[in-house]
Amino acid sequence: MRKMIAGLIFILTAAIAQAEPVRIAALGDSLVQGYGLPQGQGWVPQLQRWLGEKGAEVRLINAGVSGDTTAGGAARIDWTLADGPDALIVALGGNDLLRGLAPSESRANLTRILEVAQANAVPVLLVGIQAPGNYGADFKAEFDAIFPDLARDYDTLLHADSLAGIRAATGGDIQAAGQYLQEDGIHPNAEGVALNVAAIGPKVLELIELAKQ
């Protein structure tokens, strides 16, 4: 009888564990945090809904901080992982570009983030961002290479461009992109977020599957 009860408890516990949603922490800046958008229209809630519509059992944790750089992300990666998320999305680098920080600094900070995630056996989706041309061709080439290089070196998933949805909808036309941006010309509006979410969504589904393994 005791063995039967123990077996039933094991089965029930396993069933409950399987039913729990995958928890994914999204480590990022204002684009993740939802700067300037009404509640429910930011990147995290829109992505949460997109994933739900695809049948994914997932709970996203908003670890976005407006104004954060890769250095800020590196400084808080330990406590971001402290409560044991099943996976991690890393979407940082935009503020490094705005401040003109050396690509070598951005690379070093992102490397630390990936090393901590790897040490905790947390699968990662690394989200890239493309440098503008105003810093020069050498800067752009060095910065743009960071994300594919690190994704290869640390065997992470890669979504190459955080603004891929808007870029695809406008063909890269800067003037056309304005309709998908807030008045500051930097942050996506709700419609722009929806485009970017649809672009990254399939990669997040891949991340969910990795987290289940």
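For clarity, every value in this text was computed on a predicted model and none was experimentally measured. Hydrogens, waters and symmetry mates play no part in the numbers below; they use all other heavy atoms, side chains included.
- Proximity of Val22 to Glu57: side-chain heavy atoms (C-beta onward) are nowhere separated by under 4.5 Å.
- Among all heavy-atom pairs drawn from Ala199 and Ala164, the shortest one is CB-CB, 4.1 Å.
- Under a hydrophobic-cluster definition in which Ile, Leu, Val, Met, Phe, Trp and Tyr are linked whenever side-chain heavy atoms come within less than 4.5 Å, directly or via other members, Val193 and Leu195 are assigned to different clusters.
- Interatomic distance, OG1 of Thr156 versus CG of Leu114, reported as 6.0 Å (0.5 Å rounding).
- The list of side chain to side chain donor-acceptor pair (under 3.5 Å) pairs with a residue in residues 189-199, not counting sequence neighbours, is empty.
- Residue Leu205 comes nearest to Ala56 through the heavy atom pair CD2-CB, 4.0 Å, listed as atom of the first residue, atom of the second, then distance.
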Distance-only donor-acceptor pairs under 3.5 Å for side chains of residues 138-147, two or more places apart:
{"unit_1": "Lys140", "atom_1": "NZ", "unit_2": "Ala131", "atom_2": "O", "d": "2.6"}
{"unit_1": "Lys140", "atom_1": "NZ", "unit_2": "Asp144", "atom_2": "OD2", "d": "2.9"}
{"unit_1": "Asp144", "atom_1": "OD1", "unit_2": "Ala131", "atom_2": "N", "d": "2.8"}

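- Here Leu60 contributes atom CG and Trp43 contributes atom CH2; the two are 7.0 Å apart, rounded to the nearest 0.5 Å.
- The nearest pair of heavy atoms linking Asn62 to Gln33 is ND2-O, 3.5 Å.
- A chain of hydrophobic side-chain contacts below 4.5 Å, direct or via other Ile, Leu, Val, Met, Phe, Trp or Tyr residues, connects Ile77 to Leu110.
- Atom-to-atom distance recorded for Gln182:CD and Leu37:CG is 4.5 Å, nearest 0.5 angstrom.
- Hydrophobic clustering, with ILVMFWY side chains joined whenever heavy atoms are under 4.5 angstrom apart, groups Val32 together with Ile208.
- Residue Ile129 is grouped with residue Ile113 when hydrophobic side chains (ILVMFWY) are merged at heavy-atom distances under 4.5 angstrom, including chains of intermediate members.
- For the pair Tyr154/Val124, no side-chain contact is recorded, criterion being any heavy-atom separation below 4.5 Å from C-beta on.
- What you find for Ala71 and Asn109 is that their closest heavy atoms are N-ND2, 3.3 Å.
- Interatomic distance, CG of Leu126 versus CG of Leu207, reported as 11.5 Å (0.5 Å rounding).
- Between the side chain of Glu209 and the main chain of Glu206, no donor-acceptor pair closer than 3.5 Å is present.
- Sorted by first and then second residue, the ring pair (Phe, Tyr, Trp, His ring centres under 6.0 Å) pairs involving residues 183-211 (not counting sequence neighbours) are Tyr35-His187.
- If you chain together hydrophobic residues whose side chains sit under 4.5 Å apart, Leu125 and Val197 fall into the same group.
- Closest approach of Ala198 to Pro202, counting heavy atoms only: O-CD, 3.4 Å.
- Under a 3.5 Å cut-off, the side chain of Gln46 and the backbone N or O of Ala190 do form a donor-acceptor pair.
- Nearest heavy-atom pair, Leu158 versus Ala151, reported as atom, atom and distance to 0.1 Å: CB-CB, 3.8 Å.
- Note that the CG atom of Leu150 and the CG atom of Asp155 stand 12.5 Å from one another [nearest 0.5 Å].
- Side-chain contact between Arg76 and Leu27 is present, with heavy atoms from C-beta onward closer than 4.5 Å.
- In terms of the side-chain hydrogen bond (donor to acceptor under 3.5 Å, both in side chains) criterion, Tyr135 has no residue partners (sequence neighbours excluded).
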Review item, side-chain donor-acceptor pairs of residues 86-104, under 3.5 Å, at least two apart:
{"unit_1": "Asp86", "atom_1": "OD2", "unit_2": "Arg23", "atom_2": "N", "d": "2.8"}
{"unit_1": "Asn95", "atom_1": "ND2", "unit_2": "Asp68", "atom_2": "O", "d": "2.7"}
{"unit_1": "Asp96", "atom_1": "OD1", "unit_2": "Thr70", "atom_2": "N", "d": "2.9"}
{"unit_1": "Asp96", "atom_1": "OD2", "unit_2": "Thr70", "atom_2": "OG1", "d": "2.6"}
{"unit_1": "Asp96", "atom_1": "OD2", "unit_2": "Ser106", "atom_2": "OG", "d": "2.7"}
{"unit_1": "Arg99", "atom_1": "NH2", "unit_2": "Gly67", "atom_2": "O", "d": "3.3"}

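- The line from CD of Gln118 to CD of Glu115 is 7.5 Å long, rounded to the nearest 0.5 Å.
- Note on residues 102-113: pairs passing salt bridge (Lys or Arg N to Asp or Glu O under 4.0 Å), not counting sequence neighbours, are Asp78-Arg112, Arg107-Asp149.
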